[in-house]
Structures are given as structure tokens and as C-alpha cells.
Amino acid sequence: MHKLGRGHRDKLQQFITITGASEKIALQALKASDWHLEGAFDFFYNQPQLKTFTDSRHLEELYNRYKDAYVDMILADGITVLCNDIQVDPQDIVMLVLSWHMKAGTMCEFSKKEFIEGLQSLGIDSLDKFREKIPYMRSELKDEQKFREIYNFAFGWAKEKGQKSLALDTAIGMWQLLFAEKQWPLVDHWCQFLQARHNKAISRDTWSQLLEFAKTVGSNLSDYDAEGAWPYLIDEFVEYLNENGIIQNGLINDSSLKW
Amino acid sequence: MSMSERKTIDLDQGWDFMQKGILKLKNILEGLPEPQFSSEDYMMLYTTIYNMCTQKPPHDYSQQLYDKYRESFEEYIVSTVLPSLREKHDEFMLRELVKRWANHKIMVRWLSRFFHYLDRYFIARRSLPPLNEVGLTCFRDLVYKELNGKVRDAVISLIDQEREGEQIDRALLKNVLDIFVEIGMGQMDHYENDFEAAMLKDTSAYYSRKASNWILEDSCPDYMLKAEECLKREKDRVAHYLHSSSEPKLLEKVQHELLSVYANQLLEKEHSGCHALLRDDKVEDLSRMFRLFSKIPRGLDPVSSIFKQHVTAEGMALVKLAEDAVSTKKAEKKDIVGLQEQVFVRKVIELHDKYLAYVNDCFQNHTLFHKALKEAFEIFCNKGVAGSSSAELLATFCDNILKKGGSEKLSDEAIEETLEKVVKLLAYISDKDLFAEFYRKKLARRLLFDKSANDDHERSILTKLKQQCGGQFTSKMEGMVTDLTLAKENQTSFEEYLTNNPNADPGIDLTVTVLTTGFWPSYKSFDLNLPAEMVRCVEVFKEFYQTKTKHRKLTWIYSLGTCNISGKFDPKTVELIVTTYQASALLLFNSSDRLSYSEIMTQLNLSDDDVIRLLHSLSCAKYKILNKEPNTKTISSTDYFEFNSKFTDKMRRIKIPLPPVDEKKKVIEDVDKDRRYAIDASIVRIMKSRKVLSYQQLVMECVEQLGRMFKPDVKAIKKRIEDLISRDYLERDKDNANLFRYLA
């Protein structure tokens with residue numbers, strides 16, 4: 001065992017806790033970034049994933065454990081069993097991250113190809129490895145670029161097959177789930193606005209631009225450009241905020257805001 | 001005696017002789033009794049100079065004589081001229097100066113002739129200033145330089161006296177100012193620097209004082225009269241005694257002090273300013289205002305701005321007047337464009353005539369005023385009245401003029417003139433596409449129901465609209481008019497066909513109007529169950545039409561049809577003019593005495609709305625051809641109907657109208673839909689050629705492309721962009737959300 005100073009040991013432990021990486025990999029990342037945690041995260045996430053060998057037979061066994069009795073797919077019931085096995089709530093956002101890894105086309109469904117190739121890309125071929133990987137997948141939400149990818153993936157994943165837009169209720173649920181990770185202070189107002197004023201499905205463009213809006217404009221709306229290329233619905237939202245006194249002089253004026 | 005024996009003249013001796021001649025000249029100039037130079041005197045003086053210049057050195061005295069020439073002037077000026085000027089002041093000084101200058105020029109002329117030999121040889125050889133110039137320079141350096149300030153002040157003082165209405169000696173001033181010019185010897189610098197600059201400054205001060213009083217005391221028209229008079233007088237001044245080069249500078253000063261400085265105060269005078277003049281139609285004063293303010297930099301901007309405000313206010317007053325008139329008419333149906341709105345259009349036309357005349361006459365066709373007029377009319381002409389847009393009002397106004405029995409009784413010439421003016425007003429309306437749609441709707445009604453009063457007028461207005469808005473704007477309308485012409489020919493052919501084919505017998509008189517889809521407004525074409533008599537007609541016409549065109553499909557629009565029916569009532573037979581729908585309903589009672597609402601609906605195969613409207617017109621309105629149980633004012637689905645054999649009317653021929661359907665909403669919806677298509681097409685067209693474009697640029701080009709027909713709302717464009725993104729025509733750039741890419 002290397003002799004590590006207490007500071008370094010604490011950082012190592014912190015990194016392992018957040019990323020779920022092995023001690024060896026964590027040590028490598030921290031050394032490469034001269035023991036700066038933020039740098040270590042960047043290093044870790046930017047590394048091409050080491051393709052760990054996975055046992056095909058074990059993957060087949062996993063798939064067969066969860067697949068539907070009549071259709072060569074894993075459906076809602078199978079996913080429920082899977083969640084039990086890996087000790088994750090089906091509503092947990094980490095299931096979205098998992099679906100993103102699997103490139104799942106639709107919510108509550110995994111094709112065999114999606115399931116097996118997804119687990120391979122994660123280096124998982126057993127339930128133990130699956131459980132070990134959960135913290136890693138959860139930590140991916142903290143990476144800005146990956147969050148954006150997952151966020152935009154969520155649109156296609158959550159919408160009804162054959163539809164172009166995302167049903168409003170589903171969209172609201174997804175936003176509440178996703179922005180719980182990002183702490184966008186206006187998310188509740190946005191959802192209320194949609195139910196009060198819009199009450200229609202959400203287009204992909206509006207969906208993806210809302211993330212940019214949340215990131216770019218944040219809680220200071222004084223620099224919002226109503227003549228810019230923001231989607232119409234976001235223009236309406238800003239108008240709604242101003243009309244209802246939620247925003248005054250570009251700043252949030254909501255005493256009920258939870259920080 | 002030979003030449004070699006000519007006696008040599010020494011300098012003193014020769015100069016003494018010359019002195020006598022010069023003294024003689026001075027005496028003449030001073031007005032002393034002195035005989036004129038004889039030619040002999042002149043020759044002797046000239047010869048003396050000649051001899052003294054041509055003697056052998058050291059007796060050649062050219063240089064000395066040249067110096068003596070200058071000294072002669074200097075001595076005379078110092079000893080005689082300056083004392084006489086210094087002792088005098090103001091106007092007397094000016095007179096003396098003029099005299100002295102005149103005398104000086106005479107002296108220069110005579111001495112130059114005496115000393116002429118110097119000019120020809122000595123001066124030419126040595127490149128010295130010529131005698132004439134030397135003489136004038138003496139006066140400039142000794143007299144002018146000392147006195148020009150006093151002279152300037154005296155002149156300016158006289159000018160100001162003249163401005164106050166006093167009589168002055170203009171010739172004197174002209175002569176004095178000529179000195180300033182002549183002193184310059186071809187250059188204007190002495191005039192400009194020593195006189196003009198101070199004169200201009202004094203002029204500014206003078207008119208500044210005047211203006212500061214007049215602006216307080218005078219009304220705007222009086223002030224302008226004074227200003228115009230002052231400008232005229234200053235022009236006179238230039239013509240009489242100032243140098244012509246001073247005119248633009250002088251007028252500019254006056255204009256600045258009288259107009260530029262007080263422009264706003266003058267124009268905005270409460271009871272007599274620009275607004276008041278416009279309100280009171282003071283055409284002459286407004287013309288003067290234009291003439292005056294057009295001379296100062298940006299002077300017309302505030303005038304045209306006030307003009308625009310005034311015209312806008314007048315227009316808005318008309319809008320309000322019409323709104324008020326409409327709201328007091330309680331009985332008027334809201335969805336029908338009424339008389340008050342027509343009066344509104346007439347008044348707008350009159351307003352336009354009036355203020356266009358102002359622009360052309362008072363304001364001399366200046367572009368600023370054309371622009372002001374245009375912008376003013378654009379403001380209130382897009383307001384609409386009582387829920388009807390201006391586009392609709394204009395279309396209705398045209399309809400009223402063009403249809404038979406319209407409320408207007410105009411001569412052919414007056415109709416043409418009025419239509420011309422309406423088309424001019426259309427230029428101010430943003431929603432030209434809305435006008436086109438309403439116009440088409442009403443044109444269709446005029447054409448199909450034979451309500452058009454005059455074919456030539458119909459074509460004439462289309463020509464005017466085409467010139468104003470382009471061929472695409474009128475192509476459908478022209479198609480409609482052409483269809484009617486073709487329909488007449490077609491009907492003639494049909495009648496020939498019937499004559500030549502005894503087996504083809506519709507059984508009743510039949511006229512069919514064939515229309516081209518796309519030209520005409522869209523109509524409902526319900527699958528009405530026709531009575532047997534009419535089915536026969538349709539079949540016969542179809543057979544005829546097949547003989548002419550094998551591949552065209554006929555769609556029958558019964559809602560546009562009319563029928564003449566003989567109603568055999570107990571008191572007497574009455575001829576009924578009804579729609580095809582009404583006729584179909586009535587014919588049901590030839591074989592049934594009593595029918596329920598649902599039976600009628602089923603047998604006719606119409607919707608509830610249509611049946612209710614239909615039956616109401618036959619049983620609840622003015623002419624009760626049918627009796628209704630129960631006997632109420634409205635139709636319900638539980639009602640029963642039977643033929644009213646007791647019906648009668650004093651007329652033998654009556655028209656039973658159907659209540660009109662509110663088409664306004666449909667027209668507006670149609671136009672909105674067309675606009676969405678137009679915006680989509682515009683965006684796709686732009687992006688197809690540009691491939692990549694920023695949002696701002698795309699919106700700008702879109703508005704520019706569509707502006708001729710309607711003014712797209714930026715929000716509407718934004719919505720269309722998003723829809724096109726959804727439909728995969730466009731996408732946002734991955735890295736820049738403001739950038740759009742075209743997807744092939």
C-alpha cells in the first residue's frame with residue numbers, strides 16, 4: 001500500500017465515492033491532475049473508456065433473466081425485476097442514464113441488442129458489476145457535456161412511438177427529474193406556465209433549447225433577448241414571468257423559491 | 001539741327017517741369033480754376049519722361065522717375081486726401097471717400113499716360129509692378145488701410161437704417177462697396193474680410209434682436225410674413241449695392257436667425273402655429289411656411305412631422321367618429337358592414353384628396369411630405385372600425401359601388417375616379433391579402449348572382465389593382481371575370497346542344513355556370529339530395545359537358561344555386577325566387593303534407609346548421625310558406641312543418657332570402673392559413689438559396705419578401721421556423737443556436 005498523506009487519501013476516497021471508479025483508476029486520474037479533484041474528474045471523463053472484457057455467456061444469461069416471455073425484448077415487468085436486482089428505484093434518474101448507454105429507442109423497453117451492447121460498453125456482465133457501476137452512472141450527470149447528451153436523449157426516449165412531440169405531462173415529469181440534478185430555479189414556474197398557458201405537446205427544438213436557456217440565462221433574465229432565436233414558447237414564458245411579478249428588473253422576486 | 005545736338009536734361013530740371021504738370025492735375029482734381037491739359041501740354045510732359053529715360057548714362061533717370069511716380073501719389077494723399085477724409089464722419093466721410101477714390105483713379109490714369117514710357121520698357125524689362133497697380137496700391141496702403149474700419153461701420157450703420165425703413169443713398173453705398181472690390185484688384189479678399197464678415201455678423205445680431213421680439217409679439221403667419229419680407233429685402237439689397245457673391249451668405253444668416261433659431265417656437269405657437277394652420281386650412285400660410293423652411297437645413301423635418309401628426313389625428317378622429325356612430329346603432333347587426341363604415345371610407349377618401357392636394361400644392365410635391373402622408377395614412381388606415389378591418393371595409397366599399405342597386409348613385413366617370421382613389425388607399429393597408437380575399441368573395445357574389453352593374457368597371461378596377469399590387473394579386477380575380485364570360489358562351493353551346501338533341505331534355509329551364517377551381521373562393525359542396533326534377537337536369541348537363549371535355553370533373557355547388565318556383569296557394573299562384581336548398585325543401589311537400597324536422601334533414605342530407613337556417617327562412621321569417629308546429633320563432637329538432645296553402649302576398653313575384661352567413665371569420669381564417677403557407681414558402685425559399693443563415697437575417701429577409709402583401713408578425717415567423725424544424729426542413733446549428741441550416 002502506498003503511503004498517502006491524509007489530504008491525498010481523503011481526495012482519493014472522495015473521487016472513488018463520486019465516480020465509482022476503482023482505486024487504481026482513481027489514483028491514476030488524481031496523479032495526472034496533480035491531485036486537483038476537478039481536474040481529475042475531467043481527466044477521468046475524457047479518457048476513452050477502457051473496454052473491459054465481458055463474458056458473452058453471462059450477458060445472455062442476464063438478458064434471458066429479464067426478457068419477456070413472449071417477445072424477444074425486455075419490457076416494463078422485466079425492467080422492474082432488473083431494478084430490484086440492482087437495488088434501484090425504477091423512477092430513479094440513473095435508469096435514464098442506463099437507457100442512454102443502451103441507446104434505448106423507447107422508454108420501458110430494451111431490445112436484446114440494446115441491452116447486451118449497452119452492458120458491454122459499460123463493462124458489465126454480472127449483477128455485482130452492475131451494482132458497482134451505479135455510482136459511476138449517477139456521477140455522469142455531473143458532467144456538463146454528458147448531461148446535455150442525456151437530456152437530449154431523454155426527449156426521443158420518453159416520447160410516444162411515431163409521434164414527433166413529447167406529451168406535456170411526460171415532458172413535465174422529465175424536466176422535474178432532470179432539473180433536480182441541475183438546480184434550475186425556474187423549473188417549477190416553467191411547469192406551471194406550461195400547464196396554464198400552453199397545454200400542448202413539446203417540440204424537440206423547444207426541449208433542447210430550454211436546456212440552453214436554463215444554462216445561459218439562468219436566474220438573471222435582464223439579458224434575455226426577446227428578439228433572439230429562442231423558441232416562441234420561451235419568449236412567452238419570460239413574458240409570463242414578468243407579468244406575474246416573478247421576475248422584476250431581470251431578477252427573481254419569488255419568496256417561495258427554495259434554494 | 002541734328003539729333004546729336006539734343007540738350008541733356010538733368011533730373012532736377014526735368015522733374016521741376018513734371019511737377020508743374022502734376023500740380024495742374026491736382027488743381028483740376030481739387031476743383032480749382034485751372035485750364036484743361038492741352039494736347040501740347042500732354043505731349044511735352046510725355047516727351048520729357050521719354051527724354052529723361054533715354055539719355056545716356058549717367059543721365060538715364062528711369063529708376064528715379066519710377067520712384068518719383070509713387071512719391072507723387074503719396075505726397076498728394078498725405079497732404080490733401082487724408083486730411084479731407086479725417087475731418088469727416090459717417091455718411092459725409094463716405095461721400096468724400098467715393099469722391100477721392102474717383103479722383104484717385106483719374107490721377108492714376110493721367111499720370112500713367114505721362115509716365116507711359118516706363119510701363120513699355122523699364123517696368124517690362126525689370127518685371128516691376130505696373131504704374132496702374134502702383135497707383136492703386138498707394139491709395140490702398142495709405143487711405144484704405146486707415147479708414148476701411150470706419151467706412152465699414154458707416155456702411156453697416158446705413159444698412160441698418162434702411163432695414164428700419166429709412167431712406168438711404170443706395171448709389172452711395174454701391175460706390176463705397178465697389179471700392180472694397182476694386183481695392184482687391186481682381187480678388188475678393190478685401191471685400192470679404194474687411195466688409196462682408198462684419199456685415200454678416202451685424203446682420204445676425206440685427207435679426208436676432210428682431211426675431212426675439214417678433215416671436216413673442218406675432219402670430220406664426222405674421223412672423224412668417226415678416227420673415228419672407230425681410231428675405232426679399234435682403235435680396236433687394238444685394239441687387240442694389242452689395243456684391244452678388246454675398247447673397248447666399250446673407251440669406252443664410254437671415255434664415256438662421258429668423259427661422260432656424262426659432263423654428264420650434266414658431267411652428268408650435270399655440271394658436272397660430274403649424275397645427276393651427278393645418279386645422280384651419282390656411283393654405284397660403286402653409287405654402288409660405290414650406291417656402292421658408294425649405295431654405296434652412298433640415299427645416300422641413302419638423303413641418304412634415306407636424307403634418308404627419310395632424311393627418312394622423314384627423315384620420316383617427318374619423319375612426320372614432322365611425323366607431324361612435326356604429327355603437328349608437330343598436331339595431332344594426334354586428335356582423336354586417338353597415339352604412340356608417342361606408343361613410344367612413346368615403347371620408348377617408350376625401351381626407352386623402354385634401355391632404356394629397358396639400359402635398360402637391362402647398363408642399364410642392366416634396367418627398368418628405370409624401371412620406372409623412374403615407375405614414376399617417378398607414379397608421380389609421382390599418383385600425384379598422386367596429387371589428388371590421390380596413391381591408392374588409394375597402395372591399396365592401398368597392399362592392400357597394402360596383403353592384404346593382406348599391407347605395408351610391410354615381411356617374412360612370414365618378415365611379416372610375418372613386419375606384420382609382422380606393423386603389424390608392426390600398427397602398428397604405430398592410431393586409432393587402434385580406435383585402436384580396438374579401439374582394440374576391442364579394443366579386444364572386446356579384447358575378448354569380450348577376451349583381452354586377454357594369455362589366456367595364458369590374459375589369460377597370462382589376463387593371464388598377466394590377467398596376468398597384470402586381471399581376472399575382474389580381475390573377476384569380478381576372479380568372480373569375482373570364483370564367484363568367486366563358487360561362488355565357490358555354491350556356492349558348494348548351495342551348496344549341498339541347499336544340500340539336502331532342503332526347504336531352506332537362507324538363508325545366510336550366511342555366512349552369514362552370515367555374516374554375518382555384519380562381520373562386522372555396523365553397524361547401526354538400527351532397528344535397530336533389531329532387532328528381534333536378535337530378536334530371538344535372539344528368540343532362542353532364543352529358544353535354546362530356547361532349548366538350550372528356551377529362552374534367554364537375555363538382556356541383558348547390559349552395560350557390562337559385563330557382564324560380566310557382567307556388568300554387570289557395571288565394572292565388574305566387575312565383576317564388578329561392579335558393580336551390582330552399583327549393584329542394586319545398587318540393588318535398590309536393591308529395592308529403594306534413595314532415596318532421598328530422599325527416600327533412602334526412603331526405604335532404606344536410607347538416608343541422610343548414611337545415612335550421614333553411615327552415616327558419618321558410619317558416620319564421622317574413623314569408624311563411626311553411627307552417628311550423630309549435631308556432632315559435634326558432635327552429636328546434638322536434639318541430640313539424642306543413643305547406644301553408646293559405647299564404648298570399650300582394651306581389652305576384654317574391655324573393656325569399658336566406659339569412660346571410662357570417663363569412664368574415666372564415667375569410668380571416670383562410671387568410672391566416674394562407675399566410676402560414678406564405679411564410680413557410682418564404683422561409684424555405686430563403687434557406688434553400690442560403691443554406692446557412694442567422695435567425696435575425698432570416699426574419700429580416702422573410703419580412704422583406706412578404707411585406708408587399710402583409711406585414712408578418714415576428715412571432716408568427718418564429719412559430720413557422722419551429723414548425724419547419726419539426727418537419728425536418730431546418731435544423732439549428734449544433735454550436736450556435738442562432739444559426740439555421742437548410743436540410744435538403
Side-chain angles (χ1 to χ4, degrees), chain A residues 144-153 155-156 158-168 170-171 193-194 197-218 221 223-240 242-243, chain B residues 669 672-673 675-688 690-707 710-744:
Chain A
E144 192 156 297
Q145 181 56 35
K146 285 192 177 179
F147 183 90
R148 180 196 268 107
E149 287 180 34
I150 293 164
Y151 175 92
N152 284 318
F153 162 83
F155 181 87
K159 76 179 173 69
E160 295 286 336
K161 241 182 267 194
Q163 295 294 320
K164 282 215 157 186
S165 297
L166 183 59
L168 181 59
T170 306
F193 159 76
L194 290 172
R197 298 287 184 91
H198 184 62
N199 221 1
K200 278 188 281 185
I202 302 295
S203 71
R204 179 185 289 279
D205 185 59
T206 299
W207 172 269
S208 65
Q209 288 302 302
L210 183 75
L211 180 60
E212 303 306 317
F213 173 73
K215 207 174 52 151
T216 305
V217 181
L221 270 68
D223 59 351
Y224 182 78
D225 178 13
E227 308 241 323
W230 293 112
Y232 172 77
L233 204 48
I234 294 178
D235 289 343
E236 296 280 281
F237 176 54
V238 174
E239 209 168 295
Y240 165 91
N242 283 301
E243 277 171 17
Chain B
E669 283 169 4
D672 269 353
K673 192 193 302 173
R675 285 182 178 182
R676 280 201 292 278
Y677 296 147
I679 296 174
D680 282 358
S682 175
I683 292 170
V684 170
R685 193 162 51 239
I686 293 166
M687 293 305 298
K688 196 167 188 177
R690 303 308 203 85
K691 302 303 179 189
V692 179
L693 200 59
S694 75
Y695 167 76
Q696 283 77 17
Q697 194 72 34
L698 176 55
V699 169
M700 191 189 312
E701 292 196 20
C702 192
V703 170
E704 193 176 299
Q705 269 191 23
L706 297 169
F710 63 97
K711 190 186 292 183
D713 180 24
V714 172
K715 283 189 175 182
I717 296 178
K718 189 175 263 202
K719 282 177 168 175
R720 300 320 307 153
I721 289 172
E722 288 174 32
D723 191 63
L724 288 167
I725 290 172
S726 291
R727 287 150 58 194
D728 297 324
Y729 283 90
L730 303 181
E731 65 175 0
R732 283 184 200 258
D733 183 73
K734 294 291 189 287
D735 299 315
N736 180 357
N738 267 310
L739 210 58
F740 293 100
R741 297 179 174 280
Y742 181 69
L743 297 175

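Chain identifiers are assigned alphabetically (A, B, ...) following the order of the sequence lines, protein sequences preceding nucleic acid strands; residue numbering begins at 1 within each chain. Given the structure is predicted, the values throughout are model-derived calculations rather than measurements.
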Do the ring planes of Trp207(A) and Tyr151(A) sit parallel (below 30°), tilted (30 to 60°) or perpendicular (above 60°)? parallel
Quick one: sort the Trp230(A) and Tyr224(A) rings into parallel, tilted or perpendicular, breaks at 30° and 60°. parallel
Using non-hydrogen atoms only, which part of Gln209(A) is less than 4.5 Å away from chain B: side chain, backbone, both, or neither? side chain
Counting only non-hydrogen atoms closer than 4.5 Å, does Thr206(A) touch chain B with its backbone (N, CA, C, O), its side chain (CB onward), both, or neither? side chain
Salt bridge or not for Asp728(B) and Lys164(A), using N-O below 4.0 Å? yes
Assess whether a salt bridge exists between Glu239(A) and Arg197(A), defined as any Lys/Arg side-chain N lying under 4.0 Å from an Asp/Glu carboxylate O. no
From the list Ile721(B), Val714(B), Val699(B), Ile725(B), the residue making the most non-hydrogen contacts under 4.5 Å with chain A is Ile725(B)
